[in-house]
Number of protein chains: 2
Amino acid sequence: MAVTIYDIAEVLETSRSTVSRALRNDSKIALATRKRVKKQALEMGYRPNLLARALVNGKTQTIGFLTGSVILEVTSATMAKLGDIAREGGYGVHMADTKGELDLTVKQAHELIARGVDGLIIRGCFPEATVEQLQTELDFSVPTVFIGGVRMPLPCQQVYYDQAIGVKQAVDSLYELGHRQIHMFFMPWKGWEKETRFSGFYEAMAERGLDGGREGLYEFPPGHLDEDGHRFFDIDVCFSRTKKFLKSHPDCTAILCSDDKLALLVLSHLVHMGVRVPEDISVVGFDGMAATAYSLPPLSTVVLPIGEMVHTAFDLLMDSMKNNNNQPKEVVIPSKFLVRRSAEQVRIRKEVTPG
Amino acid sequence: MAVTIYDIAEVLETSRSTVSRALRNDSKIALATRKRVKKQALEMGYRPNLLARALVNGKTQTIGFLTGSVILEVTSATMAKLGDIAREGGYGVHMADTKGELDLTVKQAHELIARGVDGLIIRGCFPEATVEQLQTELDFSVPTVFIGGVRMPLPCQQVYYDQAIGVKQAVDSLYELGHRQIHMFFMPWKGWEKETRFSGFYEAMAERGLDGGREGLYEFPPGHLDEDGHRFFDIDVCFSRTKKFLKSHPDCTAILCSDDKLALLVLSHLVHMGVRVPEDISVVGFDGMAATAYSLPPLSTVVLPIGEMVHTAFDLLMDSMKNNNNQPKEVVIPSKFLVRRSAEQVRIRKEVTPG
DNA sequence: TTGTAAGCGTTATCAC
DNA sequence: GTGATAACGCTTACAA
């Protein structure tokens with residue numbers, strides 16, 4: 001069996017308390033003793049039993065991370081970052097997939113709490129849940145902070161992206177490049193925070209006096225999920241949808257996509273149709289997926305600063321764990337437009353501008 | 001504070017042991033009592049403290065998952081699957097990123113063990129570590145199973161992919177489609193299990209009497225990692241590399257890529273150069289990434305059956321946790337070639353075959 | 001069928 | 001400075 005402080009105490013012919021204190025560098029213990037104990041502990045390969053420790057002081061140095069579909073890149077990037085940050089802070093991460101469903105989220109949260117997490121970070125929005133539902137269901141007994149792409153409409157600790165701002169920047173940037181006929185492509189999949197992405201588009205277009213209400217939106221079929229949660233698109237349908245769009249909007253010079261996957265899809269379809277990007281049409285994505293960096297052309301996209309969000313959320317959580325309060329607090333993280341090669345000056349303007 | 005069995009016992013004017021047993025449905029307890037206790041527990045919102053339970057019976061119902069770069073799709077898919085399977089089995093998952101480095105792996109493993117995981121699943125190979133190093137470093141005190149793409153050269157519980165078999169299938173399939181000039185593209189990045197992928201290629205080519213030794217291999221620059229572990233490619237270099245290849249290998253009709261990312265990259269570059277896939281050149285990937293399903297054309301690829309691997313690994317782990325033994329055991333999971341549109345009969349043959 | 005009491009490995013509160 | 005001793009919340013012989 002594993003070595004315990006008791007074993008060490010026995011060998012050293014001292015008491016458990018002394019060993020315990022010495023190992024934690026208690027200044028009350030003589031320096032010599034501390035040294036002796038630590039040496040012995042090392043020799044015997046002692047490793048503290050964090051469970052026992054947790055039982056007495058009520059802290060496990062573990063946080064729980066609840067998230068919908070781990071396989072999504074934004075999710076796994078978040079998780080990776082959280083793992084790193086938590087580790088630096090001496091915390092472990094217990095993760096659980098919620099499939100983005102409220103009841104599973106609640107269930108898993110209770111699981112994790114029972115397992116003794118000190119705090120909870122929950123990622124995902126629950127679009128079909130009512131505020132009342134959230135209020136009652138999500139009444140957790142440990143400090144909790146929500147993260148995601150939309151504001152949760154209830155008093156809680158949360159950090160979320162301002163998704164609109166990046167879209168606005170994108171529209172502004174396109175405008176300055178001479179674009180006037182700008183459209184937004186989207187796939188209305190479940191749990192997707194579309195409204196905030198749309199609203200940025202609406203606003204920015206309106207500000208410029210451009211046509212960008214609902215008419216500026218162009219919908220794609222969302223495909224379907226396989227049993228592992230991977231989303232598959234019906235590329236033939238999407239292809240013809242893009243084709244149709246081009247026919248019906250011959251004057252469109254720029255396309256904003258509601259997410260990078262769609263943007264990459266559309267990009268490849270355009271290229272196949274002989275439409276040059278960005279010479280003929282500029283394309284912009286949303287999310288900041290890694291793959292946008294090496295598409296051809298590399299995709300301009302609105303990036304969600306995941307690291308910043310995770311940092312903020314973790315700090316918030318640490319804080320409320322320390323003070324054991326869970327007072328409502330909100331932090332907004334701005335998204336930002338990242339310029340790459342897929343967006344360019346419109347041709348018309350190019351021809352007008354002399355070399 | 002949280003409700004404990006003691007609180008319930010007090011209210012019911014009975015003993016803690018009765019409550020404890022009743023809650024766990026011990027047949028020794030009168031059915032009426034059980035009912036009464038459970039009802040009371042429910043009413044008081046009792047939730048068992050798994051930590052306390054763990055302290056006494058030495059089991060936390062938690063497993064640890066160690067893995068390199070969480071952000072990779074294969075990794076996150078593995079994690080997602082593991083989370084689901086574990087939950088079904090009543091287990092939680094404590095995850096930690098190892099960056100694919102041996103010392104961090106060891107460190108994290110000890111962390112997790114201290115936190116009380118009942119077992120460990122470790123993903124990742126350690127190409128630069130010697131067998132001796134692994135032997136000494138990886139001497140864990142809890143049941144452990146390794147998973148990954150290569151066989152660990154030491155006695156342990158492991159399940160790994162037979163990566164060669166899928167490559168062979170791919171080559172066979174291409175051969176049957178009339179391809180003779182088949183080449184393999186690869187990026188030699190750290191920790192990548194290239195040899196097994198290569199060996200499948202070598203063997204299959206040799207079996208068919210085709211030129212497929214080292215000369216059949218064509219190397220791409222591996223790009224670089226950002227601080228988050230995302231890999232970025234220098235697309236311009238890759239592009240010109242592909243171009244150069246086409247010039248120097250005008251008779252090549254099929255390209256096998258060592259991973260899907262590379263395949264998708266090459267695919268887009270070929271399309272941009274006006275090379276039609278699959279009409280002019282067939283392309284095959286490796287991994288089974290989701291994105292291969294909706295590239296244009298959808299990519300034929302060698303898929304790694306992640307679900308199968310995780311299932312196997314979990315079962316193995318459960319087994320050795322139950323019997324508390326850690327006897328060496330190996331399971332091999334075959335990869336398999338998945339046919340999609342990116343590979344097709346060679347043109348020559350097409351012309352010969354009458355309509 | 002139920003209750004008593006010991007113990008899991010640690011920390012914390014007292015005395016000494 | 002150090003050592004008993006009582007928690008922490010639960011399980012499990014052993015008694016009753």
Side-chain angles (χ1 to χ4, degrees), chain A residues 1-38 40-41 44-62 90 110 113-118 141-142 324, chain B residues 1-38 40-41 44-62 90 110 113-118 141-142 324:
Chain A
M1 278 284 89
V3 184
T4 73
I5 47 168
Y6 190 82
D7 300 331
I8 302 178
E10 211 167 26
V11 174
L12 257 35
E13 294 185 314
T14 177
S15 72
R16 290 176 271 184
S17 22
T18 304
V19 174
S20 170
R21 285 189 276 239
L23 287 174
R24 279 170 304 134
N25 239 328
D26 190 325
S27 58
K28 302 255 168 200
I29 300 291
L31 243 143
T33 318
R34 278 187 248 171
K35 219 167 174 177
R36 210 161 46 99
V37 170
K38 283 185 197 162
Q40 188 59 232
M44 298 176 68
Y46 168 78
R47 301 197 163 273
N49 182 330
L50 300 189
L51 263 64
R53 179 177 294 171
L55 190 58
V56 36
N57 64 19
K59 299 277 164 239
T60 54
Q61 298 287 109
T62 300
H110 284 310
I113 292 172
R115 286 204 157 80
V117 297
D118 296 338
S141 46
V142 300
N324 207 39
Chain B
M1 278 286 90
V3 183
T4 72
I5 46 169
Y6 190 82
D7 299 331
I8 302 178
E10 213 167 25
V11 174
L12 257 37
E13 294 184 313
T14 176
S15 72
R16 292 177 270 186
S17 33
T18 303
V19 174
S20 169
R21 285 191 273 241
L23 288 174
R24 279 171 303 130
N25 238 327
D26 190 326
S27 58
K28 302 256 168 198
I29 299 291
L31 243 142
T33 317
R34 278 187 247 173
K35 220 167 176 177
R36 210 161 46 98
V37 170
K38 283 186 196 160
Q40 187 59 234
M44 299 177 66
Y46 169 77
R47 301 198 163 272
N49 182 331
L50 300 188
L51 263 64
R53 179 178 293 171
L55 191 56
V56 33
N57 63 21
K59 298 277 164 238
T60 54
Q61 299 286 108
T62 300
H110 284 310
I113 293 172
R115 286 205 157 78
V117 297
D118 296 338
S141 47
V142 300
N324 207 40

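Just so it is clear: chains get the letters A, B, ... in the order the sequence lines come, proteins before strands, and each one is counted from 1. All values below were derived from every heavy atom in this structure, side-chain atoms included, with hydrogens, water molecules and symmetry-related copies excluded.
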Measure the [atom1]-[atom2] distance between [X] and [Y] for me, rounded to the nearest 0.5 Å.
X       : Y       : atom1 : atom2 : result
B:Gln40 : B:Arg36 : CD    : CZ    : 9.0 Å
B:Ser27 : B:Arg21 : OG    : CZ    : 11.0 Å
A:Leu55 : B:Asn49 : CG    : CG    : 6.5 Å
B:Asp26 : B:Thr18 : CG    : OG1   : 10.0 Å
A:Thr33 : A:Lys28 : OG1   : NZ    : 14.5 Å
B:Asp7  : B:Arg16 : CG    : CZ    : 11.0 Å

Open item on the list: Can you confirm whether B:Lys35 is buried at NZ, in the sense that more than 12 heavy atoms of other residues, nucleotides or ligands lie under 6.0 Å from that atom?
Closed with: no

Open item on the list: Side-chain N or O of B:Thr4 versus OP1/OP2 of D:dG9: is the shortest distance under 4.0 Å?
Closed with: no

TODO: Look at the side-chain N and O atoms of B:Tyr6 and state whether any lies under 4.0 Å from the OP1 or OP2 oxygen of D:dA7.
DONE: no

Nearest-Å distance for atom pair [atom1]/[atom2], residues [X] and [N]:
X        : N      : atom1 : atom2 : value
A:Asn57  : D:dG9  : CG    : P     : 12 Å
B:Leu50  : D:dC8  : CG    : P     : 18 Å
B:Leu51  : D:dC10 : CG    : P     : 11 Å
A:Asp118 : D:dC8  : CG    : P     : 18 Å
B:Ile5   : D:dG9  : CD1   : C1'   : 6 Å
B:Arg47  : D:dG9  : CZ    : P     : 16 Å
B:Asp7   : D:dC8  : CG    : P     : 10 Å

TODO: Measure the angle between the two terminal helix axes of the helix from C:dT1-D:dA16 to C:dC16-D:dG1, five base pairs each, and quote it to 10°.
DONE: 40°

Task: Residues which pass salt bridge (Lys or Arg N to Asp or Glu O under 4.0 Å) with B:Arg53, listed by chain and number, not counting sequence neighbours - done: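 None.
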
Task: Heavy-atom side-chain proximity of A:Leu50 to A:Gln61 below 4.5 angstrom - done: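 No - every pair of side-chain heavy atoms lies 4.5 Å or more apart.
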
Open item on the list: Using heavy-atom distances to pick each residue's nearest nucleotide on DNA chain C, tell me which of B:Thr14 and A:Val56 is more 5'.
Closed with: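 Closest to the 5' end, via its nearest nucleotide, is B:Thr14.
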
TODO: Applying side chain to side chain donor-acceptor pair (under 3.5 Å), name anything that partners A:Ser17, two or more places apart in sequence or on another chain.
DONE: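 Only A:Ser15 meet the side chain to side chain donor-acceptor pair (under 3.5 Å) criterion with A:Ser17.
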
TODO: State which residues pass side chain to side chain donor-acceptor pair (under 3.5 Å) with B:Thr62; sequence neighbours excluded, sorted by chain then number.
DONE: A:Arg115

Open item on the list: Within residues 19-37 of chain B, which residues have any heavy atom lying less than 4.0 Å from an atom of DNA chain D?
Closed with: B:Ser20, B:Arg21, B:Arg24

- [ ] Heavy atoms of chain B, cut-off under 4.0 Å: which first and last nucleotide of DNA chain C, 5' to 3', fall inside that, if you could look?
- [x] C:dT1 to C:dG9

- [ ] Would you mind classifying the nucleic acid contact of A:Ser17 as base, sugar-phosphate or nothing, using non-hydrogen atoms under 4.0 angstrom?
- [x] base

